[in-house]
Amino acid sequence: MRQFVVLVCTLLLAPLHGGAQDAKTLPSSDERYKADILLVVAHPDDEGAATPYLARAIYDEHKRVAVVFTTRGGSGGNDYSREHGAALADIREQEARQACAALGIVNVWFLDGKDTASQNVLNSLANWGHGTNLEALVRIVRLTRPEVILSWLPGVFIGENHGDHQASGVLATEAFDLADDPVAFPAQVAGASKRLEPYLENLTPWQPKKIYFFSDASDEKQFAGTGPAYSVREISRSQRKPYWRIALDAAKPHLTQFPEDIHKLSKLSDEQLEKLMSDPDHAWWSEPMTLIFGKATVPVQPWEAIFPDVEPRQKEPPPTVEQYSGPAVVYNVGQGPPLTLALGDPWNFYERFRQAHKLADLPHAHDPEIAVKAGSSVGIPLIITRKPGAVREITVKVTVLGGWKVISGAGKFVLPDEERIYLRVELQSPEIPEKELKGQPADSIVVSGISGDSGFGEAGLRVLLRLSALPQ
Ligand SMILES: [Zn+2]
C-alpha cells in the first residue's frame, strides 16, 4: 500500500519536475578488493618474509591484506613430489593460495614473471617482461587501493640476493609512483564507457601512502633503525599465541619447498617449537623484525608505526643510514674528467633507481658487495665514460688476492669513439674447502683504469665466497 502511494506521488510530481527521475546511485569501486596493505613478492613462500607482521595487522589491527606474487615459482626444485616446470608452478600457486588463506588472505594475484635463478635484478626484469608486469601491477594497485605497500628491498647485498626478489621491489616502487598518474596506463583509468565495453577499465588513479621493504640479506642487523621494528615473539591478543607461531602454521602448505622442515616441525611439541624459534641460530625470523622505510606521501617519521592509528607510537631515534661510498658513477659526460670508470649494472642501475624514485636514504651496501659460490666465475661489469676527443687507448688493471684468476677484461684496449663504453672483467674464484669457507671475510677486487701514466678511475667489489649461491 505504501509503495502504491509513493508511486502515485512520483507520477503526480513528475511533470512538475520537468521529467526528472529519482537520482540513480552510480556503482562505486569494488569494496571487496580494497586493501590496507598490498604485499608484493616474487615467489610462492616469499610471503613468509612478512607473515609475522601480517598476522598482527590482520588479527589484532583488523587490516585488510592483499598479495601479489610476481612469479608462480616454477624453476626451483621439487623436494616433495615428482612434478617440475610448469606443473610445479601450478602446484606452487595452490600452495601459496593455501598459505595466504591460512591467514585469512583471499585476495591473491599472480603476475606473469618467470622464476629466474640469478642475483641480477636486470636478468629477472628482462625475463619477466618488465613493462607487461608493471602494467599488471599498477592495475592491481588501482583495484586494491592500498594505504601501504610492502615488498622486497631493491638493492644488492651479500645474502640470497635473489634477482626476482629485487625485481618485485623494483616493480612495487614503480607502481607506487605510477598508480596515481592518470597518464600512466591511461586505458586503466578511462571511465564511464558504455556497457559491455571490453577495453577501458574505469579504475581510479590511486596513491598509496607509504612503501616499506624487507630484505634477503644475510646480515639483517644492518637494517636496524631503518624503519619500525615489530616483535615476532609478542603474543597476539586475539589468537593468544605468538606471531611467529601463526606465521609458522601458515607456511605449512609449502610442501614442495621445504617438506623436511615442515614434517620435522609438525612433530614438535609447543614447548619444543618455542625453544627452537627462540634460538637465533634456528629461528625463521629475527626478533624484532624491521620493516625498512622506503618513502611516504604523508608526513611521517621513518621509524614510526606503519598504522599509528592502531599502534603505539615508537619513540626510537631517527635512523642513521650510512651514505653510499662506492665508486662514483658519472652521468654527465659533457663535464668532469675526460675519462671515468665505474661499476656497471646492476650497481649503476640501482644508483640511478634510488635517485629517480627519491629513495636516497634507502639502505644500500656501504661498499658494493656480493656472495658467490666458491670456484665459480665472477664478472665485474664496468662503465667507462669518455669525453669527445679524449684518448682512446687505455689499460684495465685488476688487483686481487692470490687464488683468484683473471680470465678476461684486463689489459690494453682501444675504446670506440663513443661516450659510454661497457666492459666486463671476468675472474675465476678459488676453490676453497667447505671447512675453510666458514668465517672467511669477503675478498676485495679492485679494477683500475689507466691512461698514459695516470689512473682515471677505480671500481671495487667485495666478494664473499660461499658453499652455494645463486648464479651471479
Ligand atoms: Zn623467493
Side-chain angles (χ1 to χ4, degrees), residues 38-54 67-80 84-86 88-100 102-103 105 108-128 130 133 137 149-173 212-220 223 247-248 250-262 284-286 289 291-292 346 370-371 373 466 468-472:
L38 180 66
L39 179 75
V40 181
V41 288
H43 309 118
D45 90 348
D46 283 359
E47 79 287 348
T51 42
Y53 168 70
L54 294 180
V67 181
V68 174
F69 292 94
T70 53
T71 82
R72 297 166 71 239
S75 80
N78 184 348
D79 294 326
Y80 179 69
H84 280 276
L88 180 59
D90 286 346
I91 292 176
R92 292 249 160 100
E93 175 173 339
Q94 295 310 321
E95 289 178 341
R97 287 187 186 283
Q98 289 162 18
C100 289
L103 289 169
I105 305 168
V108 177
W109 287 273
F110 288 79
L111 303 189
D112 200 24
K114 306 283 174 290
D115 191 347
T116 308
S118 134
Q119 296 193 50
N120 190 338
V121 61
L122 300 173
N123 284 350
S124 296
L125 291 172
N127 196 29
W128 287 8
H130 186 164
N133 283 289
L137 183 57
I149 291 182
L150 300 183
S151 190
W152 285 110
L153 180 67
V156 186
F157 292 90
I158 285 175
E160 187 185 4
N161 197 41
H162 204 305
D164 284 347
H165 294 173
Q166 299 169 46
S168 67
V170 166
L171 249 57
T173 305
Y212 295 85
F213 301 102
F214 40 85
S215 168
D216 62 9
S218 302
D219 174 17
E220 284 192 53
F223 304 118
L248 189 74
K252 286 180 179 168
H254 291 297
L255 276 172
T256 60
Q257 312 245 28
F258 33 87
E260 278 181 27
D261 287 337
I262 292 170
W284 282 16
W285 298 276
S286 53
M289 166 184 281
L291 288 165
I292 301 159
I370 198 162
K373 186 175 188 292
R466 284 194 160 161
S468 67
L470 279 172
Q472 187 191 357

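Indexing begins at 1, ligand by ligand and atom by atom, following the structure's order. Values below: every heavy atom of this structure, side chains too, minus hydrogens, waters and symmetry copies.
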Participant: Within less than 2.8 Å, report the number of protein N/O/S atoms around the Zn ion (ligand 1).
Facilitator: 3
Participant: Not counting sequence neighbours, which residues clear side-chain hydrogen bond (donor to acceptor under 3.5 Å, both in side chains) with H162? List them please.
Facilitator: none
Participant: Is atom CZ of F258 surrounded by more than 12 heavy atoms (other residues, nucleotides or ligands) closer than 6.0 Å?
Facilitator: yes
Participant: Taking salt bridge (charged side-chain N to carboxylate O under 4.0 Å, His left out) as the definition, give me every residue that meets it alongside K373, ordered by chain and number, with sequence neighbours left out.
Facilitator: none
Participant: Taking salt bridge (charged side-chain N to carboxylate O under 4.0 Å, His left out) as the cut-off, I'd like each qualifying pair that reaches into residues 70-80, sequence neighbours left out, listed once.
Facilitator: R72-D90, R72-E93
Participant: With no hydrogens and no angle check, do the side chains of N161 and Q166 hold a donor and an acceptor under 3.5 Å apart?
Facilitator: yes
Participant: So, for F157 and F223, is the gap between ring centers shorter than 6.0 Å?
Facilitator: yes
